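Here is the structure we will look at.
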Amino acid sequence: MRAPPAAAAAAGFNSPWTLAIRAAADQGRPRRAVALYLSSLRASHRPCPFALAAVLKSVPRLPAHDARPAAASLHAHLLRLGLLSHPYPHAALAHLYSRLLPAHAPDLLDGAPALRRHSLLVASNSLLASRLRAGDIPAARALFDTMPARDVVSWNSMVAGLAKAGHLDEAIELFGQMPERNAASWNALLCGFIAQGQLARARELFERMPVRNNVSWITMISGYSKAGDVQAAADLFERMESKDLYAWNAMIACYAQNGCAQEALGIFNRMMKPHVWVLPNEKTFSSVISACSQLGDLTFGLWVESFMGSVGVELDDHLRTALVDLYTKSGRMDRAFDLFRGLRMRDLVSYSAMIVGCGMHGKLSEAVGLFKEMSDAKIDPNAVTFVGLLSAYSHAGLVEEARACFASMSSKYRINPTVEHYTIMVDLLGRNGKLDEAFQLIMQMPMRPHASVWGALLLACRLHTNVELGEIVASKCFELEPEETGYYILLGNIYAQAKKWEKVKRLRNLMVERGLSKVPGSSWVQVA
DNA sequence: GTAGGGTTAG
């Protein structure tokens, strides 16, 4: 933490209230920061400009719909108190508006108070950051080159901005020229390597950085997480000395996003232990709910929902969407619809979650209605949306509609069908007796057909007792998943239905030969 | 006060 300029080192800069508010803002607990500020007002009758500056810092971290009203009321509050021209709250407010309404960013430099040198530097840094956030590297560069003074924050912003925009060489060059470096400077480079997918290089840098802070660790952990290296992420997490909320959230998200739902809940439980006890926030619960959904653990999900209320976490749109996903997967469609209707803003993710849910539960007209509503709202669908829509048609057995929908993906929406879309189509065509068309579709797939695609067709061959195609398809399945006995059973069922007892016997011998014999014999004839 | 970390969908 930079010391305040001598003149500003007035009482209040490091008062307990200010420190607590600043800490809450830095820990990503904006609501707590606001609550603390309100308490500070009640506790002392003299409002403190430094406390105000600290609370303003937390406003951009509030949920989007709360940030603007909060900014407006704090602005009015400043005016009423006559503190608008105090350099600290003024700079904080200017910065805040630059984040919420970036178009107004140039206003940052015509300050209401006569800006002293250091305040001018802070304001310039805000403007620089705002140009970098907008991705306008030339404008940022121009400002950086003409700034009368630069401090480590200016350099850090520039290095981070260049690195994230993919100009790694320039970032490294600038980093080399820095007159002074702190942990954030190293983090800026680290972040750049990770953004470019250079994990090994990032790790090397991480290991030889002279200073590391929690941000460095978490940047590295989430880098591994995005690269799917869960083990590397977990190893780093365990090595961390003081795990803050961001660290716990990063690890829970890592597990949840990489399909390790059980482990995600395990980490959450650890953080809830009395001797650890870190107060969770919205991000924590997003990942936890996603893990519950993957596990289909409705009971735990319901507990989480009520627990959120008890720790004062508000149900925002992200959380609602995560819950929509959980409830649709658990078959609680009414509850899911209620949550969906309560969204402040419906977006691609929430529409897709709901459409997929409708698809899973055969609610065709709802799925189609939602898709239309979403198109009317000018929200472009993505591959997930079509998984939902296609499975809705598939459930209803509407071959013609599904074909048209599938074709429109690439022709109208420029979305390449994935294995999953092909699987749904193959399953639908197959179940409706269009075995040849399904087979042709698999042959046309631009990617390598996964066993599940062939498996869907094999199921259809059983349904329609097609021995000839069934044998071809089964051989593909055996090849792709040699350990999976289910395909042998399906083929056996086809033979049995066709009364090809000789083939049944030969298949059983084949299974014994391949060491797959521990299958109850009864399942062969069950369907016959 | 300005830089830097975690965010939901099949």
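Owing to the predicted nature of the structure, the values given are computational and were not obtained by experimental measurement. By convention in this document, chain letters (A, B, ...) are assigned in the order of the sequence lines, proteins followed by strands, and residues within each chain are numbered from 1.
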| message | Give the residues of residues 236-244 of chain A touching DNA chain B, defined as any heavy atom closer than 4.0 Å, sorted by residue number. | response | A:D244
| Would one find a side-chain N or O of A:K283 under 4.0 angstrom from OP1 or OP2 of B:dT8? | no
| query | Does OP1 or OP2 of B:dT7 have a side-chain N or O of A:Q257 closer than 4.0 Å? | reply | yes
| note | Considering only heavy side-chain atoms of A:L245, the closest of B:dG1, B:dT8, B:dG6 is B:dG6
| said: Strictly below 4.0 Å: does A:S350 bring a side-chain N or O up to OP1 or OP2 of B:dA9? | reply: no
| query | Given B:dG5, is OP1 or OP2 found less than 4.0 Å from the side-chain N or O atoms of A:S222? | reply | no
| query | Listed by chain and number, what are the side chain to side chain contact (heavy atoms under 4.5 Å, CB included) partners of A:K243, not counting sequence neighbours? | reply | A:F237, A:E238, A:M240, A:A247, A:W248, A:R270
| message | Going by the rule side chain to side chain contact (heavy atoms under 4.5 Å, CB included), which residues pair with A:L343 if we only count those two or more places apart in sequence or in a different chain? | response | A:D317, A:R320, A:T321, A:F340, A:R346, A:S350
| Can you find a side chain N or O atom of A:H95 that sits less than 4.0 Å from OP1 or OP2 on B:dA3? | yes
| Side-chain N or O of A:R133 closer than 4.0 Å to phosphate OP1/OP2 of B:dA3 | yes
| task | Please state whether the phosphate of B:dT2, meaning OP1 or OP2, lies under 4.0 angstrom from any side-chain nitrogen or oxygen of A:R99. | result | no
| request: List for me each residue that meets salt bridge (Lys or Arg N to Asp or Glu O under 4.0 Å) alongside A:D66, sequence neighbours excluded, and say none if there are none. | output: A:R31
| Taking only residues two or more places apart in sequence, or in another chain, which ones meet A:F386 in a ring-ring contact (aromatic ring centres under 6.0 Å, His included)? | A:F371, A:Y413
| query | For A:R99, which residues count as a salt bridge (Lys or Arg N to Asp or Glu O under 4.0 Å) partner, sequence neighbours excluded? | reply | none
